[in-house]
Protein chains: 2
Amino acid sequence: MTRYYNGYEQHLVALDCIVFGFDEGELKLLVLKRKFEPAKGEWSLMGGFLGKSESLDEAACRILSQLTGLSNIYMKQLLVFSDVARDPGARTISVAYYALIKIDENDRLLAETYGAEWVPIKQLPPLIFDHSQMVEKALEALRRRTSREPIGFELLPVKFTLPQLQSLYESICGELLDKRNFRKQILETGLLVKLDEKEKESSKKGAFLYKFDHNKYNSYVEKGFLFQLKVKSGHIIKGNNSLQV
Amino acid sequence: MTRYYNGYEQHLVALDCIVFGFDEGELKLLVLKRKFEPAKGEWSLMGGFLGKSESLDEAACRILSQLTGLSNIYMKQLLVFSDVARDPGARTISVAYYALIKIDENDRLLAETYGAEWVPIKQLPPLIFDHSQMVEKALEALRRRTSREPIGFELLPVKFTLPQLQSLYESICGELLDKRNFRKQILETGLLVKLDEKEKESSKKGAFLYKFDHNKYNSYVEKGFLFQLKVKSGHIIKGNNSLQV
DNA sequence: ACAAAAGTGTTGTGCGTACACCCATGC
DNA sequence: GCATGGGTGTACGCACAACACTTTTGT
């Protein structure tokens with residue numbers, strides 16, 4: 001390939017990955033103790049640098065997989081951070097990605113192996129550089145997308161109960177929702193398939209398991225239907241305003 | 001500053017700017033005949049490279065001002081494009097920005113001076129590289145933002161008429177709107193100030209001019225109000241489905 | 001006088017919201 | 001038998017969509 005554009009500045013291009021998971025009824029974030037200078041030992045997002053022969057999307061997947069062993073994950077570009085002094089190690093620009101993970105036992109072990117940790121988003125430690133800002137932006141993006149598309153399902157196991165789903169939505173919006181309205185709305189979409197099994201971990205009665213109908217969803221999307229999941233505008237119900245994500 | 005991160009690949013970081021304007025009742029885009037190789041002479045967005053001592057936001061402003069003489073513009077980061085082969089001139093990644101401009105006579109001359117041209121978005125010529133994709137994404141972003149915040153006003157002169165405003169919204173959503181519903185909704189926000197002047201260019205009767213109340217808007221935003229301008233879901237009225245942007 | 005665009009109100013209905021009680025089970 | 005969480009239906013009010021005629025003025 002002929003080289004044009006000689007004489008222009010070149011830059012280190014980093015990627016940082018905000019990895020969301022949902023576990024024990026809480027929205028969690030995967031963070032890592034940084035293994036190199038500068039800021040070695042401090043909490044950080046999963047990061048790495050863009051290589052010569054890969055797109056950013058590819059690099060993001062590679063980095064996530066290198067640092068956690070995870071693959072096949074819903075990932076999305078968020079925003080580039082480019083303050084000249086954002087990284088004391090060198091002038092870098094960093095492209096933030098966010099990822100939604102269905103945490104399972106396997107992933108929990110993997111993350112541990114790699115020294116990563118799932119931290120409830122309400123109890124995040126301070127992160128290096130501008131990583132906390134990145135998390136803030138990612139949360140806003142997650143909220144916005146959740147109200148437009150059913151991406152919440154990317155955070156749940158294949159089989160899940162309605163109370164789990166509701167709890168997930170509540171964690172994301174930071175508001176408590178009315179059980180009956182929630183169930184009505186979510187079932188009305190026709191995108192949930194009720195299974196014949198019950199989950200009996202979290203209650204004596206047990207809750208029915210559902211799965212998300214990806215095929216139906218995709219065919220709706222092709223037809224141009226939009227899903228405005230209306231759960232966003234739910235109201236706070238029992239004086240508990242302290243639910244903050 | 002100590003240098004860390006040695007040995008990682010460095011990259012050319014380009015910026016491309018999708019500049020929207022609204023003129024003669026149409027949504028338009030500012031495009032440019034490229035002045036250098038590769039693809040010299042073909043239509044392209046306003047572009048340039050990130051410098052050593054500037055953030056992307058700063059670079060975007062600089063580039064827009066260098067290529068068109070425009071400054072003080074609403075600008076927003078859109079998305080990074082990073083396919084390895086996206087630019088035949090060299091491996092570059094490009095950060096797309098979009099800008100909203102109040103076209104006035106002055107700007108029209110400036111753009112001409114710089115060899116830029118305002119083209120109706122319905123009649124865009126093919127653009128180089130992945131620039132057409134960028135425009136597509138920018139349009140989606142514009143539509144989304146328009147339904148959430150009153151950014152449409154960034155595209156109109158300080159004083160504007162309601163028919164103009166409606167026509168702008170129609171251009172953006174690609175749908176015709178009902179006059180009465182539109183006026184009711186938009187006036188109900190309380191964000192428009194009716195002036196004592198009429199604009200008489202486009203009709204014999206003349207239409208009252210309004211201005212947008214930025215102060216009121218900002219104070220609402222501070223109080224945490226959200227503006228869901230509901231115009232998005234307007235319906236097509238007179239069988240004219242051909243309005244496509 | 002007529003063409004062309006600006007301006008103006010009302011009504012129906014569907015959706016979102018609020019709300020309270022029974023059910024199944026494990027201990 | 002009781003505590004715990006799962007599951008269910010209805011009524012009200014509002015906000016959105018549909019809809020047609022009058023006004024002004026330049027030619």
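A quick note: this is a predicted structure, and the numbers were derived from the prediction, not measured. The sequence lines fix the lettering, A, B, ..., with proteins before strands; numbering per chain opens at 1.
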Heteroatom pairs (N/O) under 3.5 angstrom, protein to nucleotides 11-13 of chain D:
none

- Message: If we ignore hydrogens and angles and just use 3.5 Å, is the side chain of B/Gln164 paired with the main-chain N or O of B/Thr161 as donor and acceptor?
- Response: yes
- Query: If we fit an axis to the first five pairs and another to the last five of the helix from C/dA1-D/dT27 to C/dC27-D/dG1, what angle do they make, to the nearest 10°?
  - Reply: 0°
- Just by distance, do the side chain of A/Asp178 and the backbone of A/Asn181 share a donor-acceptor pair under 3.5 Å? yes
- Is a side-chain donor or acceptor of A/Gln166 paired with a backbone partner of A/Arg183 at a separation under 3.5 angstrom? no
- Min side-chain heavy-atom separation A/Leu27-A/Leu142 under 4.5 Å: yes
- Message: Between A/Ser147 and A/Arg144 (side chain of the first, backbone of the second, donor and acceptor by atom type, cut-off under 3.5 Å), is there such a pair?
- Response: yes
- Aromatic plane relationship, B/Phe153 with B/Phe160 - under 30° parallel, 30 to 60° tilted, over 60° perpendicular: tilted
- Query: Can any side-chain N or O of A/His131 pair as donor or acceptor with the backbone N or O of A/Ser44 at less than 3.5 Å?
  - Reply: no
- Task: Verify side-chain contact (heavy atoms from CB on, under 4.5 Å) between A/Phe208 and A/Leu162, making sure each step is shown before the conclusion.
- Result: CA-CA 8 Å; A/Phe208 277 103; A/Leu162 291 185; over 6 Å; no
Shorter than 3.5 Å, N or O on both sides, protein versus nucleotides 3-6 of chain C: list them out with atom names.
{"from": "C/dA6", "atom 1": "N3", "to": "B/Lys205", "atom 2": "NZ", "distance (Å)": "3.2"}

- Any sub-3.5 Å donor-acceptor pair from B/Gln77's side-chain atoms to A/Val80's backbone N or O? yes
- Checking B/Lys137 side chain against B/Leu78 main chain: does a donor-acceptor pair fall under 3.5 Å? no
